[in-house]
Undergrad: 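Below: one structure in structure tokens.
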Amino acid sequence: MGKKVAVVTGSSSGIGRAASLALARAGYAAYATMRDESKGEGLLEEARREGLDVRVARLDVDSDDSVDSAVAAVLEGGGGRIDALVNSAGCCAIGAAEDVPISEYRAQLETNFLGAVRTIRRIAPAMRARGGGTIVNVSSVAGRIGFPCTSAHACSKFALEGLGECLRHEMGRFGVRVVTVEPGVTKTGFLGSARSFVPGGSPYAELAGRVAAGARMMVELGTEPGEVAAAIAGAVAADDPPPRLEVGKDAAMFLGARREKTDAEFERYVAGELPG
Ligand SMILES: NC(=O)c1ccc[n+]([C@@H]2O[C@H](COP(=O)([O-])OP(=O)(O)OC[C@H]3O[C@@H](n4cnc5c(N)ncnc54)[C@H](OP(=O)(O)O)[C@@H]3O)[C@@H](O)[C@H]2O)c1
């Protein structure tokens, strides 16, 4: 029995980086994958200081070839085993549906949704062959709730949520566990680096500005990436993890309200017309 192996996408920063460390602390050989390996130097240094088995590898989730060669190398190095896959790579866009170009909808779907599909499809045969493994898809509160001026991102996360539900039926039969993690706003560079689409004279400029300002304010109060990483590591360690895991106070608040209210009531709540 070799050491357990984990692959984490989007590990150059934020939740993916923290999840790589958390899984290495849990005893995994953690492959922290990223588009640009030079961004992994600080992570490797931190892992070395703690004596953790973190390995940086290049993987761009947008590219079939990149996913193929990265996973092939991990399987070769780990004796054919991958016990955990964490799909954390992601990007964000802000702008009204009328203002966001179709190319950006494609880009969001390519990375946030198809990137996970691509990586899962490449790793699934190895998990099935060994009769087990855990796939964690990092979705978002935005995977369950449509806030204004976030549709390109929300669509990609809604798709990821659907994928997780389908996969549990399909892969559970082979001992593969699938968990969708839904963080609220988290203290990373994610929202700050969101691509913004608010053309001059847009009728949505005021609304998009309010959404962006609200997001910036919420990051200050957001959940630490280490807390999301701990939830991910907990899901990977569990024998029977739940289909979904909400992380953060804002996630509990919004998703709790979403469950309790009718669609019409919830719409008024998001618009600020109805108290929680
Ligand atoms: N922060 C939040 O408030 C929040 C809330 C809910 C859910 N999430 C989700 O959490 C996940 C991680 O986000 P984060 O908060 O940790 O933000 P982050 O620090 O910006 O991390 C995003 C990561 O995704 C990587 N990435 C982007 N495109 C990629 C691609 N094509 N291939 C491989 N990696 C790619 C980025 O790498 P580069 O360095 O190469 O750009 C970066 O490492 C995302 O899926 C996001 O939707 C975040």
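In what follows, residues are counted from 1 in the order of the sequence shown. Ligands are counted one by one from 1 in listed order, and the atoms in each one are counted from 1 as well. What's counted below: heavy atoms across the whole structure, side chains too, no hydrogens, waters or symmetry copies. It should be emphasised that the depicted structure is a prediction, and the values quoted were computed from it without experimental measurement.
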Undergrad: Give a yes or no on whether Arg58 atom CZ has more than 12 heavy-atom contacts from other residues, nucleotides or ligands under 6.0 Å away.
TA: yes

Undergrad: Quick one: look at Thr33 and ligand 1, take heavy-atom pairs under 4.0 Å, and tell me if it's side chain, backbone, both or neither.
TA: neither

Undergrad: In terms of atom number and element, which parts of ligand 1 are under 4.0 angstrom from non-hydrogen atoms of Asp60?
TA: 30 (C), 31 (N), 32 (N)

Undergrad: Check Arg118 with Asp64, please: is the shortest side-chain N to carboxylate O separation under 4.0 Å?
TA: yes

Undergrad: Considering only the protein, which heavy-atom contact is closest to atom 18 (P) of ligand 1, and what is its distance?
TA: Ser13 OG, 3.5 Å

Undergrad: Considering both backbone and side-chain atoms of Pro183, is one of its nitrogen or oxygen atoms within less than 3.5 Å of a nitrogen or oxygen in ligand 1?
TA: no

Undergrad: State plainly whether the residues Glu246 and Arg258 are in salt-bridge range, i.e. N to O under 4.0 Å.
TA: no

Undergrad: Using a 4.0 Å cutoff against the non-hydrogen atoms of Ser88, which atoms of ligand 1 qualify?
TA: 11 (C), 12 (C), 44 (C), 45 (O)

Undergrad: Check Thr188 against ligand 1 and report side chain, backbone, both or neither, counting heavy atoms closer than 4.0 Å.
TA: side chain

Undergrad: What atoms of ligand 1 come within less than 4.0 Å of a heavy atom belonging to Val138?
TA: 9 (C), 10 (O), 11 (C), 45 (O)

Undergrad: What about Leu109 and Phe197, same hydrophobic cluster or not, with Ile/Leu/Val/Met/Phe/Trp/Tyr joined at side-chain heavy-atom distances under 4.5 Å?
TA: no

Undergrad: Within the distance-only criterion (no hydrogens, no angle test), does the side chain of Ser11 pair as donor or acceptor with the backbone N or O of Met34 below 3.5 angstrom?
TA: no

Undergrad: In terms of atom number and element, which parts of ligand 1 are under 4.0 angstrom from non-hydrogen atoms of Asp62?
TA: 31 (N)

Undergrad: Ser66 and Asp60: side-chain donor and acceptor closer than 3.5 Å?
TA: no

Undergrad: Give the atoms of ligand 1, by number and element, whose distance to some non-hydrogen atom of Lys39 is under 4.0 Å.
TA: 38 (P), 39 (O), 40 (O), 41 (O)

Undergrad: What residue and atom, counting heavy atoms only, is the protein's closest point to atom 48 (C) of ligand 1, and at what distance?
TA: Phe190 CD2, 3.9 Å

Undergrad: Is any NZ, NE, NH1 or NH2 atom of the basic residue among Glu206 and Arg210 found under 4.0 Å from an Asp or Glu carboxylate oxygen of the other?
TA: yes

Undergrad: Please list, one pair per line, the donor and acceptor atoms closer than 3.5 Å that link side chains of residues 182-194 to other protein atoms, with sequence neighbours excluded.
TA:
from   : atom 1 : to     : atom 2 : distance (Å)
Glu182 : OE1    : Arg144 : NH1    : 3.1
Glu182 : OE2    : Arg144 : NH1    : 2.9
Glu182 : OE2    : Arg244 : NE     : 3.2
Thr186 : OG1    : Gly184 : O      : 2.8
Lys187 : NZ     : Glu224 : OE2    : 3.2
Thr188 : OG1    : Phe190 : N      : 3.1
Ser193 : OG     : Gly189 : O      : 3.0
Ser193 : OG     : Phe190 : O      : 3.2

Undergrad: Atoms of ligand 1 less than 4.0 Å from Val185 heavy atoms?
TA: 3 (O)

Undergrad: What protein heavy atom sits nearest atom 28 (N) of ligand 1, and how far away is it?
TA: Arg35 CZ, 3.4 Å

Undergrad: Who's closest to atom 22 (C) of ligand 1 heavy-atom-wise, of Gly90, Ser139, Ala70, Ser63?
TA: Gly90

Undergrad: Would you say the rings of Phe254 and Phe147 are close, in the sense that their centroids are separated by under 6.0 Å?
TA: yes

Undergrad: Can you sort out which atoms of ligand 1 are near His153, meaning under 4.0 Å from one of its heavy atoms?
TA: 47 (O)

Undergrad: What is the closest protein heavy atom to atom 5 (C) of ligand 1, and at what distance does it sit?
TA: Gly184 O, 3.1 Å

Undergrad: Within the 4.0 Å heavy-atom shell around Gly14, which atoms of ligand 1 are there?
TA: 16 (O), 19 (O)

Undergrad: Among all the protein's non-hydrogen atoms, which is closest to atom 3 (O) of ligand 1, and how far away is it?
TA: Thr186 N, 2.8 Å

Undergrad: Look at atom 37 (O) of ligand 1 and say which protein heavy atom is nearest, naming residue and atom and giving the distance to 0.1 Å.
TA: Ser12 OG, 3.3 Å

Undergrad: Checking a contact table here: which protein heavy atom is nearest atom 16 (O) of ligand 1, and how many Å away?
TA: Ile15 N, 2.7 Å

Undergrad: Hey, looking at atom 34 (N) of ligand 1, which of Ala89, Ala142, Ala194 has the closest heavy atom?
TA: Ala89

Undergrad: Which residue and non-hydrogen atom of the protein lie closest to atom 45 (O) of ligand 1, and at what distance in Å?
TA: Lys157 NZ, 2.9 Å

Undergrad: How does the hydrophobic cluster around Leu23 look, that is, which other residues are in it when side-chain heavy atoms under 4.5 Å mark a link?
TA: Val8, Ile15, Tyr28, Val86, Val136, Val138, Val179, Val181, Val228, Ile232, Val236, Leu245, Val247

